[in-house]
2 protein chains.
Amino acid sequence: MTIDPVPLAFSEHDHETCSGGVLAQAGALAASRGLRLTPVRRRTLEILLESHRAMGAYEVLERLSADGFAKQPPVAYRALEFLVENGLAHRIRRLNAFAACMHPGERHSPVFLICKSCDHIAEAQGAHVATALEAAATPAGFSIERTNVEALGLCPACAAPA
Amino acid sequence: MTIDPVPLAFSEHDHETCSGGVLAQAGALAASRGLRLTPVRRRTLEILLESHRAMGAYEVLERLSADGFAKQPPVAYRALEFLVENGLAHRIRRLNAFAACMHPGERHSPVFLICKSCDHIAEAQGAHVATALEAAATPAGFSIERTNVEALGLCPACAAPA
DNA sequence: CTTGACATGTAATGCTATAACATATCAACA
DNA sequence: TGTTGATATGTTATAGCATTACATGTCAAG
């Protein structure tokens, strides 16, 4: 599977299929890497996958506790950390929040497009951005390990006249 | 004045001249735009300019209160917000911190290079990054308003063998 | 010298994140 | 199969970041 040039996040789509597919990919990835996708972790990912929005850790925590998990912050933070570490979710720093990765297991340098109006988030192809970033860092003698690239703006639906 | 291709942040340099110059630029910019660079605001900028690091709001607040300003969070946050809004400082989201802008008044799409070892921050040329970002957002129909581009890694000094 | 806009002082609170330690679970191996 | 070590979870407490709300002060225009 390759990454869609146009992310679904901003379009009408069959979200059941969308999220289900990603969940399946995530499960397969975890299995192939010997990761332990435990109940809390899996459930956390499911919660993130319910929408194309970023959720704060405490919002996730609420949901988890409604499902019978403990309601202390570390529960959510640990699950989220696991997902992020293993490429199953992303941290959206601008929002102090987390979003499911829509392309788990695939090499991608995500660029997050954050709609300031509807709060939806899409993960765009950032390969060229990553290249440009390397080019900007190299003359400074800086070696990049990780990057955050986030753009705030308006998605097509919200930009369209009401 | 044009932007240095290689930022000074990661090199030995005459920091008095460096920060003094930026402060002067900032002052001129404020004057030309009719901005009120009040004592707290000016002092806040000076504090940020003392090093090429990002400082948390509470760290700035400590410094301000030592200079006789009130020691409540809004004091620091308001001054920092003013500086950021007017392009005299940047917010480094990865660190929940703030850094002085090294090129106030000049059009630039900053890319922040954050050394994870010495904590110094350089502001690199991000024009090409911005172009690539636009190119990534356009097919999604997304219109960008603001961006954050941050890279974590090692600066030349810290990457060099001890 | 009044008015209105902007800036600052101050108190209280809310949100985000982590440290530290106890307990439990699970897989590998003796 | 029982021990052990690694990993995961429960739980308490606290640290760190940020904002709301309202009172007070300052300054320039009219």
Side-chain angles (χ1 to χ4, degrees), chain A residues 27 30-45 47-48 53-86 88-99 114 116 119 148 150 152, chain B residues 30-31 33-45 47-48 53-86 88-99 114 116 119 148 150 152:
Chain A
S32 79
R33 287 196 197 156
L35 302 177
R36 294 169 62 178
L37 194 53
T38 61
V40 219
R41 292 167 175 176
R42 185 182 184 83
R43 186 72 195 112
T44 300
L45 182 55
I47 289 168
L48 292 181
R53 292 185 307 110
M55 291 178 83
Y58 281 74
E59 196 179 350
V60 170
L61 183 56
E62 282 285 305
R63 299 289 313 276
L64 287 174
S65 76
D67 289 332
F69 296 99
K71 62 180 183 308
Q72 286 86 357
V75 172
Y77 279 100
R78 285 197 281 235
L80 290 165
E81 182 187 24
F82 170 88
L83 296 174
V84 170
E85 289 290 301
N86 295 105
L88 303 178
H90 297 292
R91 188 164 193 161
I92 311 297
R93 304 212 90 109
R94 175 148 209 139
L95 304 177
N96 292 322
F98 301 83
I114 308 167
K116 68 175 184 180
D119 226 53
N148 298 94
E150 303 175 2
L152 189 72
Chain B
R33 287 196 198 155
L35 302 177
R36 294 168 64 177
L37 194 54
T38 61
V40 220
R41 293 168 176 178
R42 186 182 184 83
R43 186 72 194 111
T44 299
L45 181 56
I47 289 168
L48 291 180
R53 292 186 306 108
M55 291 179 83
Y58 279 71
E59 195 179 351
V60 169
L61 183 56
E62 283 285 303
R63 299 289 312 278
L64 287 174
S65 77
D67 290 331
F69 296 99
K71 63 180 184 308
Q72 284 85 358
V75 172
Y77 280 99
R78 285 197 281 234
L80 289 165
E81 182 186 23
F82 171 86
L83 295 175
V84 170
E85 289 289 300
N86 294 104
L88 303 178
H90 297 291
R91 188 163 194 162
I92 311 297
R93 305 212 91 107
R94 176 148 208 138
L95 304 177
N96 292 323
F98 301 83
I114 308 168
K116 68 175 184 179
D119 226 52
N148 298 94
E150 303 175 1
L152 189 72

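Since the structure is predicted, the reported quantities are computational estimates derived from the model, not experimental observations. Chain A is the first sequence line, chain B the second, and so forth, proteins listed ahead of strands; every chain is numbered from 1.
Around the CD atom of Glu62(A), the shell of radius 6.0 Å holds no more than 12 heavy atoms that belong to other residues, nucleotides or ligands.
Between Arg36(A) and Gln72(B), the residue anchored closer to the 5' end of DNA chain C is Gln72(B), taking for each the nucleotide with the nearest heavy atom. Nucleotides of DNA chain C nearest to Pro74(A) and Lys71(B) differ in position, and the one nearer the 5' end is that of Lys71(B).
In this structure, Phe69(A) atom CZ and dA24(C) atom P are separated by 18 Å, rounded to whole Å. The nearest whole Å value for the distance from the CE atom in Met55(B) to the C1' atom in dC17(D) is 15 Å. If you take CG of Leu64(A) and C1' of dA8(D), they are 15 Å apart, rounded to a whole angstrom. In this structure, Leu37(A) atom CG and dT7(D) atom P are separated by 17 Å, rounded to whole Å. Distance OH (Tyr77(B)) to P (dA21(D)): 18 Å, rounded to an integer number of Å. Distance, Glu59(A) CD to dT16(C) P: 9 Å, rounded to whole Å. Between Leu83(B) atom CG and dA7(C) atom P there is a gap of 12 Å when expressed in whole angstrom units. Between the CG atom of Leu80(A) and the C1' atom of dT9(D) there is a distance of 15 Å, given to the nearest Å.
Residue Asn96(B) places at least one side-chain N or O closer than 4.0 Å to OP1 or OP2 of dA18(D). Taking 4.0 angstrom as the limit, Arg41(A) places a side-chain polar atom (N or O) nearer than this to OP1 or OP2 of dA8(D). For dA17(C), neither phosphate oxygen OP1 nor OP2 lies less than 4.0 angstrom from any side-chain nitrogen or oxygen of Arg93(A). OP1 or OP2 of dA8(D) has not a single side-chain nitrogen or oxygen of Arg42(A) nearer than 4.0 Å.
The side chain of Thr38(A) has dA8(D) as its nearest neighbour among dA8(D), dA17(C), dA18(D). Taking every side-chain heavy atom of Arg78(A) into account, dA20(C) is the closest of dA20(C), dT8(C), dT18(C). Listed nucleotides dT11(D), dT10(C), dT18(C) differ in distance to Val75(A); the shortest reach to its side chain belongs to dT11(D).
No side-chain heavy atom of Leu48(A) sits less than 4.5 Å from a side-chain heavy atom of Leu88(A). In this structure, the side chains of Asn86(A) and Leu37(A) stay at 4.5 Å or more apart for every pair of heavy atoms.
Checked by atom type and distance alone, the side chain of Arg41(B) pairs as donor or acceptor with a backbone atom of Arg36(B) at under 3.5 Å.
Side chain to side chain, Arg93(B) and Asn148(B) fail the donor-acceptor criterion of an N or O pair below 3.5 Å.
In this model, a side-chain donor or acceptor of Tyr58(B) finds a partner on the base of dA18(D) within 3.5 Å.
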